[in-house]
Amino acid sequence: MSQMEELKGKLKEQLHQAVVSAGLADASEIPEIVIETPKDKAHGDFATNLAMQLARVAKKAPRAIAEDIASHVDRSEAGIRELDIAGPGFINFFMQTDYLGDIIQSVLTHPEAFGTSDIGGGKKVQVEFVSANPTGTLHLGHARGAAVGDSLCNLLEAAGYDVEREYYINDAGNQIDNLVYSLEARYLQEVGEPAEMPEDGYQGEDIIGFAKEIVENYGDRFKDSDVEKRRAFFREYGLKRELDKLKADLEEFRVSFDHWFSESSLYDENKIQPVLDDLAARGKTYEADGATWFRSTEYGDDKDRVLIKNDGTFTYLTPDIAYHKDKLNRGFEELVNIWGADHHGYIPRMQAAIQALGYEKEQMSVQIIQMVNLFENGEKVKMSKRTGNAVTMRELMEEVGIDATRYFFAMRAAETHLDFDLTLAKSESNENPVYYVQYAHARICSMLRQADEKGFTVNPDADLSVLESEKDLDLMKKVGEFPEAVADAATRRAPHRITNYVYDLAQTLHSFYNAEKVITDNEERTHARLALVEAVRITLKKALALVGVNAPEKM
RNA sequence: GACCCUGUAGCUCAGCUGGAUAGAGCAACGGCCUCCUAAGCCGUAGGUCGGAGGUUCAAAUCCUCUCAGGGUCGCCA
């Protein structure tokens, strides 16, 4: 538990006692006391709406209740320096400031623990994201999914969940056959045979590249070889190369998965039929029109869904149900799927399947990643200038840079449509929020270097009580809010709260920097401010790391 | 037709498990470098929170209806 939480806990406890001793309400009638941090600091360090909540129970006006509470609360026990009753009945608390110094010191002595919590209680959660088909290149939308998914995992880990990152490889459907035929056609073209691309073949440059590789390494030996053998080889080769490329791109984007799960392994290990049998045994399937149907309407889906088509093959849903069953069998208590917006209609049937198999609906949740629109110089960009196709993740990384790309994707709530401003993301100026935050970090590093030259080092035991200016206190408070920001972002599955927080922290630092001098002739204060500034640096770095952004030491 | 997302300052967005005069960035305007990075700071201006009802002591936030934009509705994946 962070110092901030402890402090709030103590305050709640004292307020609770005050309500009882003032005879306003019985202990059982008191609602959960909410302590908030007011937006306006004129409203104190903390505030509560308790008096308003008690109006009904106590049958008194909120302000009168607030007066009663105020006169009964043990101020020194709760760490209250001063308190105000304001507005319709808010109680504003101005706290004794010594707790702020304690927070800074604990950041310096236990930096690794700062910002972590145990609200997850070690719960095993699996997050499946990106999962793009291994038939081409990662695009804009995948990049957003990767950034959001990875940041969410970081947050859940910080909040004490046991997290696994998984990528589901769709390597069994006919899109893979298509990959094989496309690669085959490209290969034959390379060795001078007349061959046409399949009608809906993959036109990407990557496939041509793979065909060239095969010619380099194996010559034209597949030209006249047995078609089945050739295709088996191309399947393996094409898939491997596509996966290598996906992994490499994602690694570069600072996203790595714990587990790459192959759809075809569900077939190889006979994991699909047993699930069909299980559903049938539970009476959740029926035959009609030559197909086998799943009664998803029993769980609120719009209509029932086909599992086995009348040609005897499975729909996409069928192995996917088996896949989810497999995930739950692996011991995950909760599954989080991060899907593109085009899959939102798919949620009810998957949730139906989970329930039909006897699991709780809540064991699977879906985070939808909404569309991304690219803008450059105020104009909508649809296609890559280079290739004429959709803009790829790699192009983004190269043109915009990884830090800015990850920051921009983390910056907005995942389920909202995103306008990605290329011009802004690329600009190395004050308009760009990424640089603003990174600059704060670099600025501190610069101060620390200069302090070092003058013989000052950061001392966690520095006496922080000498820091009394408004800017000092603002900055300490902002650092203290970090653990709460992380816990909040994790609970709400909202990485964008971290970028909001870190921007705020950077702003507070810059403001402090312009108002107060860190390195001065006053040794005591210099030590105290160095400690403060180092704590800010650690916090900036940790917050940026949560969204996959580097914290440079120089800019 | 059904469902999902969105509608808050000129632009991009926070806030949405109800609370104090609705916040931030950019853009606009005015200031600040003999001083630890001006990629910075300080200030000014700018809003019928799409609209209409309702619930509440209190609504941007909850409910109903409605308008606008985007998306999805396959025995594709």
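What's counted below: heavy atoms across the whole structure, side chains too, no hydrogens, waters or symmetry copies.
- Contacts between residues 307-315 of chain A and RNA chain B, defined by a heavy-atom separation under 4.0 Å, are made by A:Lys309, A:Asn310, A:Thr315.
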request  = Using a 4.0 Å heavy-atom cut-off, write out nucleotides 58-64 of chain B from 5' to 3' as B (base contacted by protein), S (sugar-phosphate only) or - (no contact).
outcome  = -------
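- Here A:Glu242 pairs with A:Lys245 in a salt bridge; the nearest charged N to carboxylate O distance falls below 4.0 Å.
- For B:rC67, the glycosidic angle deviates from 0 by more than 90°, giving an anti base.
- Annotation: cation-pi pair A:Arg443/A:Tyr513 present, NZ/CZ under 6.0 Å from the ring centroid and within 45° of its normal.
- Within the shown strands, nothing qualifies as a pairing partner of B:rA20 under the Watson-Crick or G-U definition with both distances less than 3.5 Å.
- Look at A:Tyr436 and the base of B:rA39; the rings do not stack under the cut-offs of 5.5 Å between centres and 30° between planes.
- Summarising the base pairing, B:rG47 is matched to no nucleotide, lacking a Watson-Crick or G-U wobble pair whose two defining distances lie under 3.5 Å.
- Remark: B:rG40 base-pairs with B:rC32. Criterion, Watson-Crick or G-U wobble with two distances under 3.5 Å.
- Between A:Gln450 and A:Ala47, the one whose closest nucleotide on RNA chain B sits nearer the 5' end is A:Ala47.
- Taking the charged nitrogens against the carboxylate oxygens, A:Arg493 and A:Glu334 do have a contact shorter than 4.0 Å, which makes a salt bridge.
- Backbone-only contact: A:Lys303 has heavy atoms under 4.0 Å from sugar-phosphate atoms and none from a base.
- Rounded to a whole angstrom, the distance from the C1' atom of B:rA45 to that of B:rA28 is 8 Å.
- A 3.5 Å limit on both hydrogen-bonding distances identifies B:rG10 as the Watson-Crick or G-U partner of B:rC26.
- Taking a 4.0 Å limit (strictly below) on heavy-atom distances, residues 517-526 of chain A reaches RNA chain B at A:Lys517, A:Val518, A:Ile519.
- A 3.5 Å limit on both hydrogen-bonding distances identifies B:rG1 as the Watson-Crick or G-U partner of B:rC73.
- The pair A:Arg412-A:Asp419 fails the salt-bridge criterion, with no side-chain N (NZ, NE, NH1 or NH2) lying under 4.0 Å from an Asp/Glu carboxylate O.
- When the P atom is used for both B:rC26 and B:rG43, the distance is 14 Å, rounded to whole Å.
- Contacts between residues 485-492 of chain A and RNA chain B, defined by a heavy-atom separation below 4.0 Å, involve A:Arg492, listed by number.
- Using atom P as the reference point in both B:rA59 and B:rA22, the two lie 13 Å apart (nearest Å).
- Of the charged side-chain nitrogens involved, at least one lies within less than 4.0 Å of a carboxylate oxygen, so that A:Asp474 and A:Lys41 count as a salt-bridged pair.
- Here, B:rG19 and B:rC63 have their P atoms 14 Å apart, quoted to the whole Å.
- Between the CD atom of A:Glu36 and the P atom of B:rG19 there is a distance of 8 Å, rounded to whole Å.
- Counting non-hydrogen atoms under 4.0 angstrom, A:Ala413 reaches the backbone sugars and phosphates but no base.
- A salt bridge between A:Asp177 and A:Arg235 is present, with a side-chain N of the basic residue lying under 4.0 Å from a carboxylate O of the acidic one.
- Between A:Lys8 and A:Glu484 there is a salt bridge, since at least one side-chain N of the basic residue sits less than 4.0 Å from a carboxylate O of the acidic one.
- B:rG53 and B:rC63 make up a base pair, with Watson-Crick or G-U wobble contacts both under 3.5 Å.
- B:rG1 and B:rU8 have their C1' atoms separated by 31 Å, with the value rounded to a whole Å.
- Residues A:Asp304 and A:Arg295 are not paired through a salt bridge, judged by the lack of any N-O separation under 4.0 Å between the basic side chain and the carboxylate.
- Atom pair A:Asp419:CG and B:rC26:P shows a separation of 18 Å (rounding to whole Å applied).
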note = A correct 5'-to-3' footprint of nucleotides 1-11 of chain B, with B, S and - meaning base, sugar-phosphate only and no protein heavy atom under 4.0 Å, is --BSBS-----
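- Contacts between residues 168-183 of chain A and RNA chain B, defined by a heavy-atom separation below 4.0 Å, involve A:Asn174, A:Gln175, listed by number.
- Classified by interplanar angle (parallel below 30°, tilted 30° to 60°, perpendicular above 60°), the ring pair A:Tyr167/A:Phe257 is perpendicular.
- Between A:Lys471 and A:Thr48, the residue whose closest nucleotide on RNA chain B is further toward the 5' end is A:Thr48.
- Heavy atoms of A:Tyr513 sit under 4.0 angstrom from at least one base atom.
- A distance of about 7 Å separates the C1' atoms of B:rG23 and B:rG15, rounded to the whole Å.
- Looking at heavy-atom distances under 4.0 Å, A:Glu516 makes contact with a base.
- Across the P atoms, B:rU66 and B:rA20 are found 31 Å apart, a figure rounded to whole Å.
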